[in-house]
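Here's the structure, in structure tokens; my notes come after.
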Protein chains: 2
Amino acid sequence: MTQTKNIKDLITRLARIEAGASWGDDLNPAQRMTLEYLNNANRFSRSPSHAAAYLGTTRGTITQTLKSLARKGYVAEERSESDKRSISYSLTNTGQKIVNQQGILERAIEKTPSMLRAEIDAGLRDILSQALQLNGQKAFGICKYCRHFETTTADGYCGLLSLALTPTEALQICHEQEPT
Amino acid sequence: MTQTKNIKDLITRLARIEAGASWGDDLNPAQRMTLEYLNNANRFSRSPSHAAAYLGTTRGTITQTLKSLARKGYVAEERSESDKRSISYSLTNTGQKIVNQQGILERAIEKTPSMLRAEIDAGLRDILSQALQLNGQKAFGICKYCRHFETTTADGYCGLLSLALTPTEALQICHEQEPT
DNA sequence: CACATTAGTAGCGAGTCGAAACTATTGCAA
DNA sequence: TTGCAATAGTTTCGACTCGCTACTAATGTG
């Protein structure tokens, strides 16, 4: 077995363990991941289309997942005024609570030496950017590390959308993000 | 966002990209992973129960997946003579071909520097052992790195099952494996 | 103003998934 | 040895995912 295959197996196996253990609270892995995306994404990125693009699924599938989450009271939909086609989903308080629970994978990661953690983070980040490129997907990175992020205002400013950012927003996921 | 959460997100996102891209050949991600497990497991570990334990799912679910793979001609079932309850699945030639195809994740990993790869491998391996422990799951490691592996014969010998091993077998996954 | 594009949905068929109930076989202990 | 418990695999159920195709409504663009 090559090292490449080893790493692939480790990644998929860890994801599977996490998925298997994440079934509680009347939620399945896909629903939980959608919830997590909404929690991390900024207000311009919480639409079905963006969630679908980030999660690597289709609009049709994500619609069903979001409707199911809405039925259960974990998310709420807000229709946009400017563009009447688009919808933005946000977490309800119940949804917030769910997303803050720590899964088995997080607990396992916390038990590894922090020096090792830094290397894993860097390594996986590298693999991710390669995979996204191969797949023709967008980066969906953190606002702050975007080439449109400016420091002309205290908390940061988005040069693309021409608006001032809050400290929270600067750390959220943005669908327009382009790495520096 | 903490580093722990970052790593978790990277792992689950990479797994999702791989899953999304692995839909071809009339197979879904779960079926492909089952195929891959059968390809790597030794002849004592290719039963529904062991596959279920490795993949972190239930016997009921894996039965359906295996039946579906058998219908499509990717695996064949062999009933055991010694224990009439148990079944061992093996890949057909068609199944072999499928499993040898390189997915997007493997191609992405190959593009990263090999020095980084070694660190990722070690780091993820550490996380995996922690996660398995937290989950009360068995290791399912490689035969050769088991405390029952002996070098009394040329190619290796299993002290637990009391039998000589082939070079191929020594590198396969075993459900009895206990790390040294 | 016509036409292409984009955002979101609905329905289909195959399949996953956990859970629970069930059959057949094997192991073990009194 | 007989009687039960444990084990291996299966089946069925209901909710859901997923890719796909076809659809509506709103928004761009030439």
Side-chain angles (χ1 to χ4, degrees), chain A residues 12 15-35 37 44-72 74-75 77-89 138 175-176, chain B residues 12 15-35 37 44-72 74-75 77-89 135 138 175:
Chain A
T12 49
R16 237 198 130 69
I17 289 172
E18 169 72 3
S22 79
W23 268 88
D25 299 310
D26 199 26
L27 286 172
N28 64 38
Q31 291 168 339
R32 196 169 239 106
M33 288 181 76
T34 305
L35 227 46
Y37 171 74
F44 310 111
S45 312
R46 291 192 213 113
S47 68
S49 293
H50 295 139
Y54 181 84
L55 296 169
T57 183
T58 59
R59 294 198 311 272
T61 298
I62 208 73
T63 292
Q64 296 178 70
T65 301
L66 287 167
K67 294 286 175 197
S68 147
L69 285 171
R71 266 200 308 278
K72 292 177 186 170
Y74 295 126
V75 302
E77 43 174 88
E78 297 155 23
R79 303 209 85 97
S80 162
E81 270 309 303
S82 54
D83 185 338
K84 282 174 190 161
R85 290 170 304 178
S86 73
I87 297 185
S88 183
Y89 282 86
K138 287 220 257 177
H175 72 106
E176 299 280 16
Chain B
T12 49
R16 236 198 131 69
I17 290 173
E18 170 70 5
S22 79
W23 269 87
D25 297 310
D26 199 26
L27 287 172
N28 63 39
Q31 292 168 339
R32 203 173 285 269
M33 288 181 75
T34 305
L35 228 46
Y37 171 75
F44 310 111
S45 312
R46 291 192 214 113
S47 69
S49 293
H50 297 139
Y54 181 86
L55 296 169
T57 183
T58 59
R59 295 199 309 276
T61 299
I62 208 74
T63 292
Q64 297 179 69
T65 302
L66 286 168
K67 296 286 175 195
S68 145
L69 285 171
R71 267 199 307 279
K72 291 177 184 170
Y74 294 126
V75 301
E77 45 175 85
E78 297 155 24
R79 303 208 86 97
S80 161
E81 271 308 304
S82 53
D83 186 339
K84 281 175 190 161
R85 291 171 302 181
S86 72
I87 297 185
S88 183
Y89 282 85
N135 233 12
K138 289 220 259 177
H175 72 107

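Atoms considered below: every heavy atom in the structure, side chains included; atoms not considered: hydrogens, waters and symmetry mates. Each chain gets a letter, A, B and so on, in the order the sequences are listed, and its residues count up from 1.
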- Selection from D:dC18, C:dG15, D:dT10 that lies nearest to any side-chain heavy atom of B:N28: C:dG15
- Query: Rounding to a whole Å, what distance do you find between B:L69:CG and C:dT16:P?
  - Reply: 8 Å
- Checking all strands, does B:S49 fall into the base, sugar-phosphate, or nothing category for heavy-atom contacts under 4.0 angstrom? sugar-phosphate
- Item | Side-chain H-bond candidate by donor/acceptor type, A:S49 with A:S47, under 3.5 Å | no
- Message: Applying a 4.0 Å non-hydrogen cut-off, can you work out what B:T63 is touching in the nucleic acid: base, sugar-phosphate, or nothing?
- Response: base
- State whether the side chain of A:N28 and the backbone N or O of A:A30 hold a donor-acceptor pair below 3.5 Å, judged by distance alone. yes
- Message: Considering every strand and a 4.0 Å limit on heavy-atom distances, what is the contact class for B:S82: base, sugar-phosphate, or nothing?
- Response: sugar-phosphate
- Can any side-chain N or O of A:R16 pair as donor or acceptor with the backbone N or O of B:L55 at less than 3.5 Å? yes
- Message: Which nucleotide wins on minimum distance to the side chain of B:I87, given the candidates D:dG9, D:dG19, C:dC17?
- Response: D:dG9
- Task: Send over the distance from B:K84 NZ to D:dG9 P, rounded to a whole Å.
- Result: 16 Å
- Just checking, any donor-acceptor pair under 3.5 angstrom between side chains of B:E18 and A:T12? no
- Integer-rounded Å distance: C:dC17 P and A:I17 CD1: 14 Å
- Query: How would you label the contact of B:R46 with the nucleic acid (heavy atoms, under 4.0 Å): base, sugar-phosphate, or nothing?
  - Reply: nothing
- Task: Please state how far atom CG in B:D26 lies from atom P in D:dG19, giving the value in whole angstrom units.
- Result: 14 Å
- Candidates D:dG19, C:dT9, D:dA8 - which lies nearest the side chain of A:T57: D:dG19
- Are any of B:T65's side-chain N or O atoms less than 4.0 Å away from OP1 or OP2 of C:dT16? yes
- Let me know which of B:H50, B:E77, B:E78 forms a side chain to side chain donor-acceptor pair (under 3.5 Å) with B:Y89. B:E77
- What is the distance from CZ of A:R71 to C1' of D:dG14, rounded to the nearest Å? 13 Å
- Message: What is the distance, to the nearest angstrom, from the CD1 atom on A:I62 to the C1' atom on C:dT9?
- Response: 14 Å
- Proximal nucleotide (of C:dG8, D:dT17, C:dG15) relative to the B:Q31 side chain: C:dG15
- Task: Return yes when atom NZ of B:K138 has more than 12 non-hydrogen atoms of other residues, nucleotides or ligands closer than 6.0 Å, and no otherwise.
- Result: yes
- Rounded to whole angstrom units, what separation is found between the CZ atom of A:R16 and the C1' atom of C:dG18? 13 Å
- Item | Whole-Å distance separating the CG atom of B:D25 from the P atom of C:dA14 | 18 Å
- Task: Identify which nucleotide among D:dT17, C:dT25, C:dT16 has an atom closest to any side-chain atom of B:A30, counting heavy atoms from C-beta outward.
- Result: C:dT16
- Task: Mark yes or no for a side-chain to base donor-acceptor pair under 3.5 Å between A:R85 and D:dT27, with no hydrogen or angle criteria applied.
- Result: no
- Query: Is there a side-chain polar atom (N or O) of B:K72 under 4.0 Å from OP1 or OP2 of C:dG15?
  - Reply: yes
- Query: Is the base of D:dG9 touched by the side chain of B:R59 through a donor-acceptor pair closer than 3.5 angstrom?
  - Reply: yes
- If you look at every strand shown and take non-hydrogen atoms under 4.0 Å, does A:R79 touch a base, only sugar-phosphate, or nothing? nothing
- Task: Side chain of A:P48 only, please: which of C:dT5, C:dT9, C:dC17 is the nearest?
- Result: C:dT9
- Sorted by position of nearest nucleotide on DNA chain C, 5' first, the leading residue of A:D83 and A:W23 is A:D83
